[in-house]
Colleague: 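Can you read through this structure? Questions will come right after.
All values derive from a computational prediction rather than experimental measurement. Atom set for the values below is all heavy atoms of this structure, side chains included, hydrogens, waters and symmetry mates excluded. By convention here, the first residue in the shown sequence is residue 1.
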Amino acid sequence: MSVDEEPTSIWMLPERQERSGPGRRPGYSREQITRTAVRIADAEGVEAATMRRIAGELGTGAMSLYRYVPRRDDLFDLMIDLAMSEIELPDGPSGDWRSDLALLSGRVRATGLRHPWLIALLTGRPTLGPHLLRVHEFALGALDGTGLGIDDITALAGMLSDYTHSAVRRELGWLEEARRTGLDPERWKRDYMGPYVRQVVESGDFPLFSRSVLDSRIAHLTPEERFRHGLDRILDAIAALIPSPP
């Protein structure tokens, strides 16, 4: 978008309604374009999901798709929201804020791992699509009624979101390194990092690091267990801030 172009959210632009018929060019939809983009990004990375590539998949010219999705940033917003639509949540919070937030965080993690490009896009640009708002509203609603003010509710929901996104990015990094090197995470730690870590431990220069290697159980947890362990610490921190009932 140029500096002179008026920024307009894709969510404020009505979708073109076109019909296919004899003598007409094929009609498309934002959802059709977005699903194609997501399929390409899942397989090859978000950089591959260009309008030209999407148009090729749909059998049309790239310029025809700009009538539906004017800018690449708009495409990113649509992709993010389509992925967020996969997060299944109850119609409303259950009243057990801890269970609700644990459910939400786990499902965001699963969606982020299913779409490796999602978290980088989601944390790299402000966006407020309807499905993202639905997820955010659920997080806020889980803490509403706990006695916290709206500032604390917003901040704590953001803290939980930051933890979840960070954990997913770290997990994706491990998976990408395993793909790049051909080593699974356990072999990478044992064969690649292991000799150096042993050298550091034997040097005695970093006693707390050595203790974390030798005595901590976290290093031996599965990714799912490690995620749950960190999530429990975040939820414990939130619980400590919730006022006790009179």
Side-chain angles (χ1 to χ4, degrees), residues 7 9-12 34 38 46 73-74 76-175 216-219 221-246:
S9 169
I10 188 67
W11 311 114
M12 296 182 67
T34 306
V38 166
V46 72
D73 283 350
D74 295 329
F76 289 158
D77 285 348
L78 291 166
M79 292 171 65
I80 290 168
D81 215 58
L82 182 63
M84 298 302 283
S85 74
E86 299 174 8
I87 298 175
E88 295 184 3
L89 294 170
D91 292 337
S94 68
D96 182 343
W97 67 266
R98 189 174 185 117
S99 294
D100 287 340
L101 292 183
L103 172 72
L104 172 61
S105 189
R107 291 189 176 174
V108 170
R109 171 180 175 264
T111 304
L113 293 176
R114 195 161 55 247
H115 302 293
W117 48 269
L118 173 61
I119 299 301
L121 280 189
L122 187 58
T123 56
R125 51 180 286 101
T127 182
L128 288 175
H131 287 290
L132 180 60
L133 282 170
R134 173 182 60 88
V135 170
H136 186 54
E137 185 76 6
F138 184 85
L140 298 178
L143 291 169
D144 191 28
T146 59
L148 294 169
I150 190 60
D151 286 337
D152 282 338
I153 289 173
T154 303
L156 293 173
M159 182 175 72
L160 176 70
S161 180
D162 288 345
Y163 166 74
T164 305
H165 294 162
S166 176
V168 172
R169 293 188 78 149
R170 183 168 56 249
E171 195 169 341
L172 288 171
W174 277 99
L175 293 172
S216 172
R217 70 182 183 89
I218 294 178
L221 298 178
T222 66
E224 168 74 17
E225 291 169 337
R226 191 177 301 117
F227 175 79
R228 291 293 172 182
H229 182 273
L231 176 60
D232 282 342
R233 304 290 82 74
I234 296 293
L235 297 177
D236 287 344
I238 293 175
L241 294 173
I242 292 177
S244 299

Colleague: Return the CH2 to CD1 distance between W97 and I238, rounded to the nearest 0.5 Å.
Modeller: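 Nearest 0.5 Å value for the CH2-CD1 distance: 5.5 Å.
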
Colleague: Is there a donor-acceptor pair under 3.5 Å between the side chain of S161 and the backbone N or O of G158?
Modeller: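 Flag not set: sc S161 to bb G158 has no pair under 3.5 Å.
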
Colleague: What pair of heavy atoms forms the shortest contact from Y163 to L231, and how long is it?
Modeller: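 In this case the closest contact between Y163 and L231 is OH-N, 3.3 Å.
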
Colleague: Rounded to the nearest 0.5 Å, what's the gap from CG on L82 to CE on M84? Could you check?
Modeller: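 Interatomic distance, L82 CG to M84 CE, rounded to 0.5 Å: 11.5 Å.
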
Colleague: Between T123 and R169, do the side chains contain an N or O donor and an N or O acceptor separated by less than 3.5 Å?
Modeller: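 Short answer, yes.
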
Colleague: Looking at side-chain heavy atoms only, is the closest gap between R217 and H229 below 4.5 Å?
Modeller: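 They are in contact (side-chain heavy atoms under 4.5 Å apart), so the answer is yes.
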
Colleague: Heavy atoms, side chains only, cut-off 4.5 Å: are P130 and W11 in contact?
Modeller: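 Yes, their side chains come closer than 4.5 Å.
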
Colleague: If you take all heavy atoms of A157 and A139, which pair is closest and at what distance?
Modeller: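 Closest approach of A157 to A139: CB-CB, 4.2 Å.
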
Colleague: Atom CG in L241, atom OG1 in T146: separation rounded to 0.5 Å?
Modeller: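 That separation rounds to 10.0 Å.
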
Colleague: Heavy atoms only: give me the nearest G112-I119 pair and the separation to one decimal.
Modeller: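 Minimum heavy-atom separation between G112 and I119: CA-CG1, 4.2 Å.
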
Colleague: Looking at CG of L160 and CG of L143, how far apart are the two atoms once the value is rounded to the nearest 0.5 Å?
Modeller: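 So the CG of L160 and the CG of L143 are separated by 8.5 Å.
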
Colleague: Assess R125 against F76: is NZ or CZ under 6.0 Å from the centre of the six-membered ring, and within 45 degrees of the ring's axis?
Modeller: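 No, cation not above the ring by the 6.0 Å, 45° rule.
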
Colleague: Are any side-chain N or O atoms of T154 and backbone N or O atoms of I150, one a donor and one an acceptor, separated by less than 3.5 Å?
Modeller: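 The answer is yes, because a donor-acceptor pair under 3.5 Å joins these two groups.
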
Colleague: Could you tell me whether the side chain of V168 reaches within less than 4.5 Å of the side chain of L118, counting heavy atoms only?
Modeller: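 Not touching, per the 4.5 Å side-chain cut-off.
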
Colleague: Once rounded to the nearest 0.5 Å, what's the spacing between atom CE of M79 and atom CG of L121?
Modeller: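 Result: 6.0 Å between the selected atoms.
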
Colleague: How close do L148 and P243 get, heavy atom to heavy atom, and via which atoms?
Modeller: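 Nearest heavy atoms, L148 then P243: CD2-CD, 4.0 Å.
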
Colleague: Do you see a donor-acceptor pair shorter than 3.5 Å between the side chains of H131 and E86?
Modeller: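 H131 vs E86: no donor-acceptor pair found between side chains.
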
Colleague: Go through R226 and E171 one step at a time and tell me if the salt bridge (Lys or Arg N to Asp or Glu O under 4.0 Å) criterion holds.
Modeller: CA-CA 10 Å; R226 191 177 301 117; E171 195 169 341; over 6 Å; no

Colleague: Which atoms form the tightest heavy-atom contact between D77 and T127, and what is the distance?
Modeller: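 In this case the closest contact between D77 and T127 is OD1-OG1, 3.0 Å.
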
Colleague: Measure the CD-CG distance between E137 and D144 for me, rounded to the nearest 0.5 Å.
Modeller: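 Those atoms lie 9.0 Å apart.
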
Colleague: I need the minimum non-hydrogen distance between T111 and I87, along with the two atoms involved.
Modeller: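 Distance-wise, the nearest heavy atoms are OG1-CG1, 3.3 Å.
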
Colleague: Indicate every side-chain donor-acceptor pair of residues 98-107 with a distance under 3.5 Å to a residue at least two apart or in another chain.
Modeller:
{"unit_1": "R98", "atom_1": "NH1", "unit_2": "D236", "atom_2": "OD1", "d": "3.1"}
{"unit_1": "R98", "atom_1": "NH2", "unit_2": "D232", "atom_2": "O", "d": "3.4"}
{"unit_1": "R98", "atom_1": "NH2", "unit_2": "D236", "atom_2": "OD1", "d": "2.8"}
{"unit_1": "S99", "atom_1": "OG", "unit_2": "D96", "atom_2": "OD2", "d": "2.9"}
{"unit_1": "D100", "atom_1": "OD1", "unit_2": "S94", "atom_2": "OG", "d": "3.0"}
{"unit_1": "D100", "atom_1": "OD2", "unit_2": "S94", "atom_2": "N", "d": "2.8"}
{"unit_1": "D100", "atom_1": "OD2", "unit_2": "S94", "atom_2": "OG", "d": "3.3"}
{"unit_1": "S105", "atom_1": "OG", "unit_2": "T164", "atom_2": "OG1", "d": "2.6"}
{"unit_1": "R107", "atom_1": "NH1", "unit_2": "E88", "atom_2": "O", "d": "2.4"}

Colleague: Can you tell me if R109 uses its side chain to pair, donor with acceptor, with the backbone of F227 under 3.5 Å?
Modeller: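 No; zero donor-acceptor contacts below 3.5 Å.
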
